[in-house]
Protein chains: 2
Amino acid sequence: MRTGDIAQRLGVTPASVSGMLKHLSREGLVNYREYGGALLTADGERAALGVVRRHRVLERFLTDVLQFGWEQVDALAHQMEHALPEVVVDAIERLLGDPATCPHGHPIPDKEGRVAAEPRLTIGGLAAGDRACVREVDEFDPALLDFLQQRGLVPGAVLRVSQVNPIDGTVVVEVVDAGATALAPATAKAVRVSREVAE
Amino acid sequence: MRTGDIAQRLGVTPASVSGMLKHLSREGLVNYREYGGALLTADGERAALGVVRRHRVLERFLTDVLQFGWEQVDALAHQMEHALPEVVVDAIERLLGDPATCPHGHPIPDKEGRVAAEPRLTIGGLAAGDRACVREVDEFDPALLDFLQQRGLVPGAVLRVSQVNPIDGTVVVEVVDAGATALAPATAKAVRVSREVAE
DNA sequence: CGTAAATGTTAGGGTCGGCTAAATTGATCC
DNA sequence: GGATCAATTTAGCCGACCCTAACATTTACG
């Protein structure tokens, strides 16, 4: 992880990130060399997965219980996740029946920090004629999520690639029960799939 | 409200409270004269009732949905209340069916800041032979709440005062379906009642 | 291989909210 | 009515966290 990328993600200046990294390094959560980027230590990984778990459990709760749309819940969960007592997160998780994934399909780590592997393959990596099953989608852009939902590109959906434009990389996918949709490469990369069309 | 009392309630020094009050006074939320104590303005009252609403809705949610005991939820709600987006509080309120009170019986203000009156009368204000209905209890001491629940002294319970000790003020109440309990004056003051034994 | 551009860090400064210690005010009691 | 005491405020400090501007390092390219 580079300082600048972190800064952009957090919406602060790189200067601020330098200070944070030094701090986290002192606390043993990241390995960090000046000018050399940062990497989570095992402890840091565990702490991070704890936060990820809170975030994803909350997203599930917001969609399944409070009926928020999946395009809103990333931002909402982000606001809530740091103030919720751990016992409350645990209780919500139980209430939901220990869900395996967040609404966007990402796996929820368990309390020990174990987490299921995520598929590497995206729609952009498919060839014409391939069949696949949607597993997860990037959750950062509400407008994109809205669009994907309208076109049936949600976790669990089964699709077939009907065309791949060799010039600009545009992909046309037919979603079972939801018609055909053309996707630019950037969009196609936001949807992760697996080749198994199980169930 | 005096500076020192606020400081004690908040667990900070009076010096810190002086600064806060000046701030709030500049924002028009309290009327404040140096050395003269502070009082909420109409705006401050509205803002405060908004926070009270969040707090009590959350308490209801924690007991009714997440199955926490009523002795824990004040502290938990306190941690959560400032980070929850307003829309989430609204959604929880709807989910619960717009409850009228928190688990301890205190009325929940509506979004416009209207709030039902709370009874002034406590068990300590009753005489031998009086019948009354428990309306609300102080929520600050978990051990007290545990005790009250065991003895059936919860909102809605109907009771009769069987003795009042004229020397030390000890009161013995018989709770319908839950036997008799002796209460010291300080404890008796923590339970508010109304004389109507309706319903 | 050396220099320019990109990237990252340090220095220094501002705000916020807490603290302690000292000064001030108000209240009480003789 | 003055002295003392409690309550409160002011003054000054600290740490967290952000910023900008200046400096340092790495990377990339001719």
Side-chain angles (χ1 to χ4, degrees), chain A residues 1-41 43-52 54-55 58 74-86 140 186 189, chain B residues 1-41 43-52 54-55 58 74-86 89 140 186:
Chain A
M1 266 277 128
R2 294 186 313 177
T3 304
D5 296 346
I6 297 172
Q8 192 171 358
R9 202 69 99 77
L10 264 50
V12 300
T13 61
S16 304
V17 174
S18 282
M20 299 177 201
L21 286 178
K22 227 189 287 185
H23 227 258
L24 291 172
S25 184
R26 249 181 264 124
E27 294 175 24
L29 297 178
V30 303
N31 283 321
Y32 168 61
R33 259 195 3 265
E34 289 160 11
Y35 300 97
L39 212 59
L40 287 171
T41 62
D43 273 7
E45 185 86 20
R46 211 168 312 124
L49 284 172
V51 177
V52 168
R54 301 160 78 83
H55 185 88
L58 278 174
D74 180 59
L76 288 174
H78 184 66
Q79 285 182 64
M80 302 168 61
E81 67 195 3
H82 291 292
L84 282 199
E86 193 70 18
F140 306 110
K189 261 204 316 208
Chain B
M1 267 276 128
R2 294 186 314 176
T3 305
D5 297 345
I6 298 171
Q8 192 170 358
R9 201 72 97 77
L10 264 50
V12 300
T13 61
S16 304
V17 175
S18 281
M20 299 178 201
L21 287 178
K22 228 189 287 185
H23 226 259
L24 292 172
S25 183
R26 248 181 264 124
E27 292 176 25
L29 298 177
V30 303
N31 282 322
Y32 168 60
R33 258 195 3 265
E34 288 161 11
Y35 299 97
L39 211 61
L40 287 171
T41 63
D43 272 8
E45 185 86 20
R46 211 169 311 124
L49 284 172
V51 177
V52 168
R54 300 161 79 85
H55 185 88
L58 278 174
D74 180 58
L76 289 173
H78 184 66
Q79 285 182 65
M80 303 167 60
E81 65 194 4
H82 291 291
L84 283 199
E86 193 70 19
V89 177
F140 306 110

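Throughout, protein chains are lettered first and strands after them, A, B, ... in sequence-line order, and every chain is numbered starting at 1.
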Options D:dT9, C:dG8, D:dA21, nucleotide nearest the side-chain atoms of A:A15: D:dA21
OP1, OP2 of C:dG17 versus side-chain N and O of B:S16: anything below 4.0 Å?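 B:S16 to C:dG17 OP1/OP2: no side-chain N or O under 4.0 Å.
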Quick one: does B:T41's side chain have a donor or acceptor within less than 3.5 Å of a partner on B:G28's backbone? yes
Side chain A:S25, main chain A:N31, donor-acceptor under 3.5 Å: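 Here the side-chain-to-backbone pair does not exist.
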Using a heavy-atom cut-off of under 4.0 Å over every strand shown, decide if A:T3 touches base, sugar-phosphate, or nothing. sugar-phosphate
So for atom CD, which belongs to A:Q8, do other residues, nucleotides or ligands contribute more than 12 heavy atoms lying within a distance under 6.0 Å? no
Show, in sequence, the C-alpha distance, side-chain angles and deciding distance for B:R9 and B:D5, and conclude whether the side chain to side chain contact (heavy atoms under 4.5 Å, CB included) test is met. CA-CA 6 Å; B:R9 201 72 97 77; B:D5 297 345; over 6 Å; no
Does anything in residues 17-36 of chain A come within less than 4.0 Å of DNA chain C? Heavy atoms only, and list the residues if so.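 The stretch gives A:S18, A:K22, A:Y32, A:E34, A:Y35 as the residues lying under 4.0 Å from the strand, ordered by number.
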Rounded distance (Å) that lies between atom P of D:dA6 and atom CD of B:Q8: 16 Å
Measure the distance from CE on A:M1 to C1' on C:dG8 and round it to the nearest whole Å. 15 Å
Please determine whether salt bridge (charged side-chain N to carboxylate O under 4.0 Å, His left out) holds for the pair B:E34 and B:K22, giving the CA-CA distance in whole Å, both sets of side-chain angles, and the decisive distance to 0.1 Å. CA-CA 9 Å; B:E34 288 161 11; B:K22 228 189 287 185; 5.5 Å; no
All N/O donor-acceptor pairs, side-chain side in residues 75-83 of chain A, below 3.5 Å, sequence neighbours left out:
residue, atom, partner, partner atom, Å
A:H78, ND1, A:E81, OE2, 3.3
A:E81, OE1, A:H55, ND1, 2.6

